[in-house]
Amino acid sequence: MARDVFIFNPGPAALPEVVLDSTSKAVKDFAGTKMSIMEVSHRSKEFDSLINDTSVILRRLMGIPDNYKILYLQGGASLQFAMVPINLLGPGKVADYIDTGRWSANAIKEAQKIGKVNIAASTKEENYTRIPALSEIKLTPDACYCHITSNNTVHGTQWKSFPDTGSVPLVADMSSDILSRRINVSDFGIIYAGAQKNMGPAGVTVVIIRDDLAGMAPDNTPTMLNYATHAGKNSMFNTPPVIAVYVVHEVLKWIEDMGGIEKIEEINDKKASAIYDVIDSSDFYRGTVDKDSRSKMNITLRLPSEDLEKEFVSRATEAGFLGLKGHRSVGGIRVSLYNAVPLEAAERLAEFMTAFQMEH
Ligand SMILES: *Cc1c(COP(=O)(O)O)cnc(C)c1O
């Protein structure tokens with residue numbers, strides 16, 4: 001039965017109805033094994049075929065070249081904040097970081113524990129209300145890598161075009177916009193994403209890594225923190241998060257059934273426009289970031305007063321629009337429009353916003 005609410009949660013986030021249905025079945029009987037997806041061996045041929053198929057579909061959807069490995073790791077995107085420098089930031093070397101928000105800042109904090117960090121650009125002084133212009137970015141010519149956050153979940157900004165770092169590998173935290181739009185994977189050395197926003201449940205982090213970057217960790221790197229360990233064992237050095245990988249597989253199949261990323265991107269554009277149009281045609285709602293930097297995944301906005309914001313959230317919740325409260329560090333309202341949020345949800349919310357404005 002379809003749900004009668006619309007979920008705008010920032011993460012963990014909405015999942016497609018068909019994915020919840022197939023997962024419910026697999027919880028009882030996975031692939032005809034008469035065992036739950038939580039009970040089968042990760043070494044079974046059924047799971048082996050599932051994890052391989054997950055990578056085949058992801059490769060097809062994103063156009064991932066053969067010289068990249070796809071890893072399914074645990075520890076969230078937050079562990080990648082440490083794993084990237086542990087593997088790539090050599091002694092005496094520098095890594096460039098572009099600071100565009102709370103998650104970039106967390107990544108920087110971890111990297112500084114491992115080695116030397118150059119902040120190549122930052123919009124912190126402006127409360128992260130924009131993405132820096134490419135001309136503002138001061139790259140280190142021989143940096144080990146340059147790290148960016150492609151979509152800033154908390155602040156509501158998103159990179160439109162990525163910096164050209166030449167031979168320096170570009171590393172991107174795409175936790176909140178992976179699979180939402182077309183990108184050229186070969187522009188990146190590493191792409192990583194906690195699954196719980198745009199591709200599945202919490203518990204698995206997808207890492208797409210160019211082969212040469214998976215073999216650079218120093219010898220004293222703990223086994224589990226070395227990309228080479230996981231790349232060499234098809235993510236089965238130890239037990240992977242089996243059910244989380246299953247859900248990612250189902251989400252990827254759903255994207256393919258929807259018509260692939262091109263089609264998803266088209267729908268995402270319409271969803272974002274529905275909300276931004278209401279904001280732009282009103283003095284009541286106020287977007288919090290520069291127009292050029294606006295995110296299509298997380299739309300942040302303010303109302304004329306905090307009391308009105310509280311009332312908006314509670315009235316929206318009553319009307320079945322869930323998860324709209326802004327991040328505690330920013331306040332206001334945040335509308336998260338990840339892939340699994342249907343166009344209808346955005347359109348209905350836009351109508352609700354207009355009606356709420358009229359009433360006040
Ligand atoms: C949510 C989020 C994270 C944190 O992910 P965890 O999997 O909880 O560690 C990191 N980066 C971005 C961009 C996020 O949106």
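Quantities reported herein were computed from a predicted structural model and do not represent experimental measurements. As the structure lists them, so they are numbered: ligands from 1, and atoms in each ligand from 1.
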In this structure, atom 11 (N) of ligand 1 is nearest to the protein heavy atom Asp173 OD2, 2.6 Å
Which of the numbered atoms in ligand 1 are below 4.0 angstrom from a heavy atom of Lys197?
-> 1 (C), 2 (C), 3 (C), 14 (C), 15 (O)
Part of Asn106 with heavy atoms under 4.0 Å of ligand 1, whether side chain, backbone, both or neither | neither
Rounded to the nearest 0.5 Å, what's the gap from OG1 on Thr165 to CZ on Phe188? Could you check?
-> 9.0 Å
Considering all heavy atoms, the nearest Thr100-Pro132 contact | CG2-CD, 3.6 Å
Salt bridge or not for Lys263 and Glu256, using N-O below 4.0 Å?
-> no
State the atoms of ligand 1, each with its element, that fall below the 4.0 Å cut-off from a heavy-atom position in Thr149.
-> 13 (C)
With a 4.0 Å cut-off on heavy atoms, does Gln196 reach ligand 1?
-> yes
Can you pull out the closest protein heavy atom to atom 5 (O) of ligand 1? Residue, atom name and distance to 0.1 Å, please.
-> Ala77 CB, 3.5 Å
Which ligand 1 atoms are under 4.0 Å away from a heavy-atom of Phe81?
-> 10 (C)
Fit a plane to each ring of Phe356 and Phe284, take the angle between them on a 0 to 90° scale, and name the class: parallel (under 30°), tilted (30 to 60°) or perpendicular (over 60°).
-> tilted
Hey, what's the ring geometry for Tyr97 with Tyr145, parallel, tilted or perpendicular (30° and 60° as the breaks)?
-> perpendicular
Using 30° and 60° as the class limits, which term best fits the ring planes of Tyr246 and Phe30: parallel, tilted or perpendicular?
-> perpendicular
Kindly confirm or rule out an N or O of Asn151 lying under 3.5 angstrom from an N or O of ligand 1.
-> no
Atom 15 (O) of ligand 1 has as its nearest protein heavy atom Thr153 OG1, 2.5 Å
Heavy-atom side-chain proximity of Tyr285 to Phe312 below 4.5 angstrom = yes
Number the atoms of ligand 1 from 1 as they appear, then name those within less than 4.0 Å of a heavy atom of Gly76, with their elements.
-> 7 (O), 9 (O)
Is the closest side-chain heavy-atom distance between Leu179 and Ile261 below 4.5 Å?
-> yes
Closest protein heavy atom (residue, atom, distance) for atom 9 (O) of ligand 1 = Ser78 OG, 2.6 Å
